[in-house]
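Have a look at the structure below, then the notes.
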2 protein chains.
Amino acid sequence: MTTLVGPGWSANAGDETTPPTAIRGSGLALWRQIAGDIERAIADGTLAPGARLPTEAEFARRYAVNRHTVRRAMEELARDGQVRVEQGRGSFVAEDVLDYEVSARTRFSEWIRRHDREPSGRVLSLATMPAPRAIAEALGIETGGAMVRLERLGLADGRPVSLAQHHFAIARFPGIAAALTAHGTISAALASLGVADYFRRVTRVSARAPRPEEAALLETSRSRPLLVTENVNVDAEGRVVEFGLSRYPTPRVQIIFEPGSETT
Amino acid sequence: MTTLVGPGWSANAGDETTPPTAIRGSGLALWRQIAGDIERAIADGTLAPGARLPTEAEFARRYAVNRHTVRRAMEELARDGQVRVEQGRGSFVAEDVLDYEVSARTRFSEWIRRHDREPSGRVLSLATMPAPRAIAEALGIETGGAMVRLERLGLADGRPVSLAQHHFAIARFPGIAAALTAHGTISAALASLGVADYFRRVTRVSARAPRPEEAALLETSRSRPLLVTENVNVDAEGRVVEFGLSRYPTPRVQIIFEPGSETT
DNA sequence: TCGAATTTGTGCGTATGTATT
DNA sequence: AAATACATACGCACAAATTCG
């Protein structure tokens with residue numbers, strides 16, 4: 001069957017030489033032919049993950065079928081998880097989700113590389129400020145005590161996947177601001193201050209709607225929630241090194257936890 | 001200072017005998033007096049967790065100050081995490097969050113009891129249906145194979161905290177539907193079928209906006225995302241017992257991971 | 001789906017008291 | 001004593017988010 005081809009499945013808008021018609025009475029239901037068509041386009045990459053599908057009305061016009069027939073096909077694909085249908089927005093090819101496996105030793109670049117993507121990052125700000133109560137408690141200092149906050153956007157293959165704030169107590173690391181400026185990574189900065197290694201102790205996960213700035217930085221819609229994690233990193237002796245607050249765009253990023261075994 | 005008292009801090013609307021006025025020129029800034037006032041009311045329980053505070057305009061009227069002055073006080077309290085301010089909705093006393101600690105052995109009632117609340121539940125539906133692809137894969141059966149879905153609303157002290165779907169393969173447990181009907185809990189039903197114990201293997205966490213029905217059941221706003229977890233439970237031999245999909249209302253429920261140690 | 005009402009968020013300008021230089 | 005800086009407080013207007021009919 002000649003199908004819908006070209007950039008974004010919209011090239012042959014005026015192309016009437018190869019009508020993308022489903023064959024009636026072929027023994028295969030029209031909606032199955034259409035579903036198969038789209039499925040093939042997804043499989044062979046004609047339709048990239050995250051790409052927007054033509055509207056149901058558009059499909060109906062192209063295949064010269066009723067919209068109900070198209071819907072039947074979309075239902076099937078949605079049930080299979082191949083497309084995602086969103087009322088009022090449109091239909092989209094299911095995106096690859098980037099699994100964020102929480103473990104004791106989690107580093108941003110290692111995480112991204114494990115998924116065969118290229119990690120990069122952009123420092124948004126580095127500032128010294130008094131610690132709000134919640135952060136001060138996590139860092140083990142007094143409320144209002146001086147801390148450094150590093151805000152960083154993490155990217156995988158150039159697409160933003162995390163927006164993180166890292167907090168360090170000045171009392172614990174007087175030279176942290178300079179070290180973070182001098183070194184490219186947090187690990188390196190901490191290493192220069194004598195912290196050879198550090199581990200994740202607790203991770204709290206919640207979710208909330210993004211603020212406009214967050215949505216813009218993470219290139220996500222304001223209507224999609226962010227996964228928000230808070231975590232405490234400690235050194236080998238169990239002393240608190242850092243308090244981190246990270247935001248991840250759903251559904252692009254998912255968090256995975258695999259308990260060792262009997263943890264309770 | 002005579003302050004705002006009475007039920008919900010709104011009793012003395014017409015009470016002019018004890019004007020809740022902040023003292024000017026007392027050496028303590030007005031906004032600090034107001035912040036302290038509210039802080040005390042929260043500490044002594046006059047303002048319960050989750051309770052709505054009077055509006056900024058109302059505070060300004062009662063204290064006979066400008067709204068900016070009230071806002072300054074609220075800022076301080078919000079920074080401290082004592083109140084939660086939401087544009088367009090109002091301000092609220094910070095709520096106790098129910099921490100859901102993910103571990104290998106997690107049972108609903110144990111979770112709730114550990115937080116000194118009374119667990120209860122309501123079965124919403126119990127049905128046999130063909131397994132969609134994603135669930136079939138998790139259960140290790142063919143797509144379309146028969147499965148039982150139990151949908152259940154979990155409550156803590158009568159407030160909904162989880163909405164869970166539990167899926168069991170009929171091929172593995174032919175008598176599961178009857179067993180679930182006969183026994184009050186999933187553990188008991190599985191025990192009657194020879195599964196003495198089971199463990200959580202993986203947990204995936206994401207977030208999305210609630211559907212209207214979910215929002216209603218969980219008594220949450222449609223504008224607040226749900227935390228969504230998917231998990232696979234296995235028996236002592238590692239065979240898949242159940243695939244679960246749970247939804248938790250934010251920010252009432254938070255998920256906590258504490259990796260044992262080097263899990264990477 | 002839309003608009004009105006409610007509530008918080010932000011910006012501007014102004015004034016005043018207090019502490020520092 | 002004068003100049004300056006800073007914190008506090010007020011008034012007004014409008015923006016943005018939420019809720020509800």
Side-chain angles (χ1 to χ4, degrees), chain A residues 55-57 86-90 125 128-130 132 143-144 146 206-218 220-226 228 247, chain B residues 1 3-4 8-10 13 19-39 41-42 47 49-95 207-226 249-252:
Chain A
T55 65
E56 291 176 355
E86 295 183 35
Q87 187 174 1
R89 289 185 18 104
S125 69
T128 302
M129 58 181 74
T143 300
S206 190
R208 60 171 172 76
R211 287 182 263 276
E213 192 186 301
E214 293 170 328
L217 286 167
L218 289 169
T220 187
S221 153
R222 291 215 59 190
S223 63
R224 305 210 185 179
L226 302 179
V228 181
R247 290 145 287 178
Chain B
M1 168 166 41
T3 71
L4 307 161
W9 277 42
S10 57
T21 325
I23 300 160
R24 287 162 195 273
S26 68
L28 194 58
L30 289 178
W31 69 266
R32 288 187 196 278
Q33 299 182 45
I34 296 171
D37 240 31
I38 301 174
E39 189 169 9
I42 292 173
L47 283 169
R52 179 179 187 160
L53 293 175
T55 66
E56 294 175 354
E58 174 65 14
F59 268 133
R61 196 187 60 73
R62 291 198 203 171
Y63 281 101
V65 298
N66 190 274
R67 190 163 74 95
H68 281 303
T69 308
V70 174
R71 283 183 60 73
R72 183 87 190 256
M74 298 297 281
E75 249 174 58
E76 180 78 357
L77 295 168
R79 206 186 68 103
D80 258 28
Q82 307 206 54
V83 307
R84 179 170 38 85
V85 182
E86 295 183 38
Q87 185 173 358
R89 287 177 35 93
S91 301
F92 306 83
V93 179
E95 269 187 275
R208 60 171 172 77
R211 288 183 263 276
E213 190 187 303
E214 293 170 327
L217 285 167
L218 288 169
E219 292 174 16
T220 187
S221 154
R222 289 212 61 190
S223 64
R224 300 194 187 204
L226 301 180
T250 58
R252 288 216 299 278

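Per chain, numbering begins at 1; letters A, B, ... match sequence-line order. Both backbone and side-chain heavy atoms feed into the values below; hydrogens, waters and symmetry mates do not. Everything numeric here is computed off the predicted structure, so don't read it as measured data.
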**Asked** If you walk 5' to 3' along DNA chain C, what is the first nucleotide with an atom under 4.0 Å of a heavy atom in chain B, and what is the last?
**Response** dT7(C) to dG11(C)
**Asked** How far apart are the C-alpha atoms of Arg208(B) and Glu214(B), what are their side-chain angles, what is the distance that settles it, and do they pass the salt bridge (charged side-chain N to carboxylate O under 4.0 Å, His left out) test?
**Response** CA-CA 11 Å; Arg208(B) 60 171 172 77; Glu214(B) 293 170 327; 2.9 Å; yes
**Message:** A side-chain contact here means heavy atoms from C-beta on lying under 4.5 Å apart; do Pro54(B) and Arg62(B) qualify?
**Reply:**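 A side-chain contact exists here, since the closest heavy-atom pair is under 4.5 Å.
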**Asked** Can you tell if the side chain of Leu53(B) reaches within under 4.5 Å of the side chain of Met74(B), non-hydrogen atoms only?
**Response**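 A side-chain contact under 4.5 Å exists here.
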**Message:** Taking side-chain hydrogen bond (donor to acceptor under 3.5 Å, both in side chains) as the definition, give me every residue that meets it alongside Glu76(B), ordered by chain and number, with sequence neighbours left out.
**Reply:** none
**Message:** Can you list everything that forms a side-chain hydrogen bond (donor to acceptor under 3.5 Å, both in side chains) with Glu86(B)? Sequence neighbours excluded, please.
**Reply:**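 side-chain hydrogen bond (donor to acceptor under 3.5 Å, both in side chains) check on Glu86(B) returns Arg84(B), Arg89(B), Arg224(B).
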**Asked** Using purine N1 to pyrimidine N3 plus N6-O4 or O6-N4 for Watson-Crick, or N1-O2 and O6-N3 for G-U wobble, both under 3.5 Å, which nucleotide pairs with dA1(D)?
**Response**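 Result: none.
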**Message:** I need the single residue from Tyr63(B), Trp31(B), Phe59(B) that forms a side-chain contact (heavy atoms from CB on, under 4.5 Å) with Thr69(B). Which is it?
**Reply:** Trp31(B)
**Item:** Ala209(A): side-chain contact (heavy atoms from CB on, under 4.5 Å) partners, not counting sequence neighbours
**Value:**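 Scan of Ala209(A) (side-chain contact (heavy atoms from CB on, under 4.5 Å), adjacent residues dropped) gives none.
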**Item:** Any residue meeting side-chain contact (heavy atoms from CB on, under 4.5 Å) with Arg252(B), in chain and number order, not counting sequence neighbours
**Value:**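 side-chain contact (heavy atoms from CB on, under 4.5 Å) check on Arg252(B) returns Glu95(B), Arg159(B), Pro160(B), Pro249(B).
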**Request:** For nucleotides 6-21 of chain D, just jot down a letter per nucleotide in 5' to 3' order: B, S or -, based on protein non-hydrogen atoms under 4.0 Å.
**Result:** --SSBBB---BBSS--
